[in-house]
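Below, each value reflects all heavy atoms present in this structure, side chains not excepted, and no hydrogens, waters or symmetry copies. Just so it is clear, the structure is predicted and the values come from calculations on it, not from any experiment.
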Amino acid sequence: MTDEHEHYEAVVVGAGPGGAAAAAVLARNGVETLVLERGVEAGSKNVTGGLVYAEESAPYTVDALFPDFREEATERPVTDYYLHNVAGEKVETFDITDLHEHDTAWSDAVLRRRMDSWMADRVHEMASETGGGLLTDVRVNGLLRERGEIVGVTCDELDPIRADLVVAADGVNSELARDAGLMDWEEPEEWFQGVKAVVDVPPEIIAERFGVADDEGEAHLFSGDLFQDVRGGGFVYTNEDSLSIGSVFHLDSIVEQEAEPHQLLDNLLTHPLLADWLEGHYDEVEYSAKLVPDSKKAANPSPHEGRLLVVGDAAGQMQAQGPIIKGMNHAVSAGALAGEAFAEAKLRGKPEQAGDLYERKLRDEGVMGKLRPKGYRVASALGERDAVADLTDSLVSSSVGRLGVRLLGGAGLLEDLYSSPYLSQIVPDTQTPYVTLPTVIAEELGERVTGEADFEPKDLATRIGDLTYDTDVGNPHIELRDNSVEASGAAVTACPVSARDFGGGCYREETVKTNGSEQKRVSLDTQPCVECGTCAVVADTDWEHPRGGKGVEYKEG
């Protein structure tokens, strides 16, 4: 490589919350900053559950970086927060608004296409004043190195670009983090998978069904027996004129149970409680999916290498601990701290120290402590042992356990325990908190709900057909390295756009007859891919993003 390549002081890869925050802080400090986004527009590749939080203890909040953010880029403030324990048609609901409001200045429901594209406009204006700007339809495919040192990035659509700082905010499937050895896809237990339907519902119906005013909103979580024993749960968030309805599960549990993600979503959509909310108003406008890092296990405490600083999902910075689900706020903090670290290091005349300074800021500002709580490491070391987990499950389901649930529930103590921020952080990732205990709570304390869905959820073929794709013909972004069922068969069911009996999805299981023998093989069609990356973890593949502007385009996100 030569010095003829274009040079910027900073290149930020990805225009989501982490990238936007990094670019905003860099630009405010006069750092010449170029932002590269692979989608046709910021947000077109992104999906959230989702709520964005402003924490009182956070070093940065998104509205502080982008004035008017809440007025122009979000859906509704979330003012009430509930957890529904489900056993069949019996439901026991806990009000956990106190947990939601702990350390919370505000929290709003968002849709990524609207939010990210709004921030991208501001980022472009700010970065342009430094001599940089924001470019879409550009896929950064790797790190530019000289004599082994990172000196910039390489792209599909542009010549290599040199930079004094590279911020990788390229999401959960970060090619830059993997290139630098800061992320791997080896362990399914380090990931969640979420699927979501956006359902159009008029504001007046949302107001009627949920009892909220224009400046109010609700969040609902679901756990118990409605998800086929898969560890995880469901959610409903009220947007301005739609509902985000989805589910998030541990990926290893999806694989173990051979569960089909779209079917788990349908279980929630057709539950009697949802039937009451959606009666006469089921109009699903978008189906989407996303892989999510489990920060307790995947958050990198040292997310930097040379000139590369990694933020957001690319650094595993997604906090999902019991009913606490936060990610975008941590991406904002991390991105801003990365920009701040470079600006300070540059001012000292030692820009090469930006990575170490970024790591120190993540620790000293309390971000890493939230992402990887010490209490969880202690609790999980014992609580996630199979023998202990099985014993806990048996105890909760026993007559003694049920008596305890009735006594604690009758005194209102169970609801208080679920609202404890500390307990939420340390709860082990076992069947007990997601399935066994919520089911027992509903069976012992719940009331029967009687709603009946007057609709059938869209089938998978229709959901895929409704999405917008610009297929990169001749350039498949996934290739199977081993198409045996043993190596890649988990993708047939775990892929959110495939199913065992559905032939139109990404992954298919086939029986191949050769020389009188039969073998089960897996085949792949990347055309309907939603780019969640699930198969990169559960199958033996070469996985990369489609080229800039190609692949799926989310309208809601």
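- When atom types are taken as modelled, the side chain of R307 and the backbone of A163 share a donor-acceptor pair closer than 3.5 angstrom.
- You'll find the side chain of V40 stays beyond 4.5 Å of the side chain of T136, heavy atoms only.
- When only modelled atom types and interatomic distance are considered, T511 and E518 share no side-chain donor-acceptor pair under 3.5 Å.
- The pair R28-E129 does not count as a salt bridge, with every side-chain nitrogen at least 4.0 angstrom from each carboxylate oxygen.
- Rounding to the nearest 0.5 Å gives a distance of 7.5 Å between SG of C506 and CD1 of I464.
- Y8 places no side-chain N or O within 3.5 Å of a backbone atom of I161 that could act as its donor or acceptor partner.
- Residues H250 and Y434 bring their aromatic ring centres within 6.0 Å.
- Side chain of N267 to main chain of L226: a donor-acceptor pair is present (N/O by atom type, distance under 3.5 Å, no hydrogens or angles).
- Aromatic pair H262/Y287: ring centres not closer than 6.0 Å.
- In this structure, OG1 on T270 lies 8.0 Å from CD on E456, to the nearest 0.5 angstrom.
- Side chains of T534 and P496 form a contact here, defined as non-hydrogen atoms less than 4.5 Å apart.
- Judged by distance alone, the side chain of E55 and the main-chain N or O of Y60 form no donor-acceptor pair under 3.5 Å.
- In this structure, R547 does not pair ionically with D137, as no charged nitrogen and carboxylate oxygen lie closer than 4.0 Å.
- More than 12 heavy atoms of other residues, nucleotides or ligands sit less than 6.0 Å from atom CD of E157.
- Residues S295 and Q319 bring no donor and acceptor atom of their side chains to less than 3.5 Å of each other.
- The side chain to side chain donor-acceptor pair (under 3.5 Å) pairs that include a residue from residues 476-495 are R481-D540, R481-D542, D482-S484, N483-R521, where partners are two or more places apart or lie in different chains.
- Of the N and O atoms on the side chains of N239 and S244, at least one donor lies less than 3.5 Å from an acceptor on the other residue.
- Expressed to the nearest 0.5 Å, how far CD of E352 lies from CG of L357 amounts to 11.5 Å.
- Here E556 does not pair with R112 in a salt bridge; the nearest charged N to carboxylate O distance is not below 4.0 Å.
- Checked against R113 for a salt bridge (charged side-chain N to carboxylate O under 4.0 Å, His left out), the options E75, E41, E286 give a single hit: E41.
- The ring-ring contact (aromatic ring centres under 6.0 Å, His included) search around F249 returns F227, not counting sequence neighbours.
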Carefully, step by step, assess F235 and H220 under the rule ring-ring contact (aromatic ring centres under 6.0 Å, His included).
-> CA-CA 5 Å; F235 62 81; H220 297 261; over 10 Å; no
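- I150 CD1 to L176 CG: the interatomic distance, rounded to the nearest 0.5 Å, is 8.5 Å.
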Show the numbers, then the answer: is there a side-chain hydrogen bond (donor to acceptor under 3.5 Å, both in side chains) between D170 and H545?
-> CA-CA 10 Å; D170 49 341; H545 290 111; 5.9 Å; no
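- Contact between T238 and G217 at its shortest, heavy atoms only, is OG1-CA, 3.3 Å.
- A salt bridge does not link E553 to K45: none of the charged side-chain nitrogens sits closer than 4.0 Å to a carboxylate oxygen.
- Residues V47 and K196 form a side-chain contact, since some pair of their non-hydrogen atoms from C-beta on lies under 4.5 Å apart.
- A donor-acceptor pair shorter than 3.5 Å can be found between the side chains of Y282 and E284.
- Applying the 6.0 Å contact sphere to CD of E149 captures no more than 12 heavy atoms from other residues, nucleotides or ligands.
- The pair D68-R122 does not count as a salt bridge, with every side-chain nitrogen at least 4.0 angstrom from each carboxylate oxygen.
- Between the Q257 side chain and the A259 main chain, no donor and acceptor come within less than 3.5 Å of each other.
- With respect to R500 and E260, no salt bridge is recorded, no charged nitrogen being found less than 4.0 Å from a carboxylate O.
- A salt bridge links R463 to D266: one of the charged nitrogens lies within less than 4.0 Å of a carboxylate oxygen.
- Of the charged side-chain nitrogens involved, at least one lies within less than 4.0 Å of a carboxylate oxygen, so that E544 and R139 count as a salt-bridged pair.
- Looking at Y358 and F342, their side chains never come closer than 4.5 Å, going by heavy atoms from C-beta outward.
- Here the straight-line distance linking atom CG of L36 with atom SG of C155 works out to 5.5 Å at 0.5 Å rounding.
- Considering D116, L134, T33, V12 as possible partners of V123, the one that fulfils the side chain to side chain contact (heavy atoms under 4.5 Å, CB included) test is L134.
- Each of L182, V310, L362 was checked for a side chain to side chain contact (heavy atoms under 4.5 Å, CB included) with N300, and the lone residue meeting it is L182.
- Remark: the backbone N or O of G489 is not paired with any side-chain donor or acceptor of E509 at under 3.5 angstrom.
- The main-chain N or O of A54 is never found under 3.5 Å from a side-chain atom of T61 such that the two would form a donor-acceptor pair.
- A salt bridge between R231 and D252 is present, with a side-chain N of the basic residue lying under 4.0 Å from a carboxylate O of the acidic one.
- Using a cut-off of 4.0 Å between Lys/Arg side-chain N and Asp/Glu carboxylate O, E510 and K520 are scored as not salt-bridged.
- A salt bridge does not link E6 with R162: none of the charged nitrogens is closer than 4.0 Å to a carboxylate oxygen.
- Nearest heavy-atom pair, S174 versus A314, reported as atom, atom and distance to 0.1 Å: CB-CB, 3.5 Å.
- In this structure, R114 contributes its side chain and E72 its backbone to a donor-acceptor pair below 3.5 Å.
- Residues D63 and R70 are not paired through a salt bridge, judged by the lack of any N-O separation under 4.0 Å between the basic side chain and the carboxylate.
- The closest side-chain heavy-atom distance from D459 to F502 is not below 4.5 Å.
- Considering CG of L158 and CG of N141, their distance stands at 10.5 Å, rounded to 0.5 Å.
- Residues E190 and K296 are not paired through a salt bridge, judged by the lack of any N-O separation under 4.0 Å between the basic side chain and the carboxylate.
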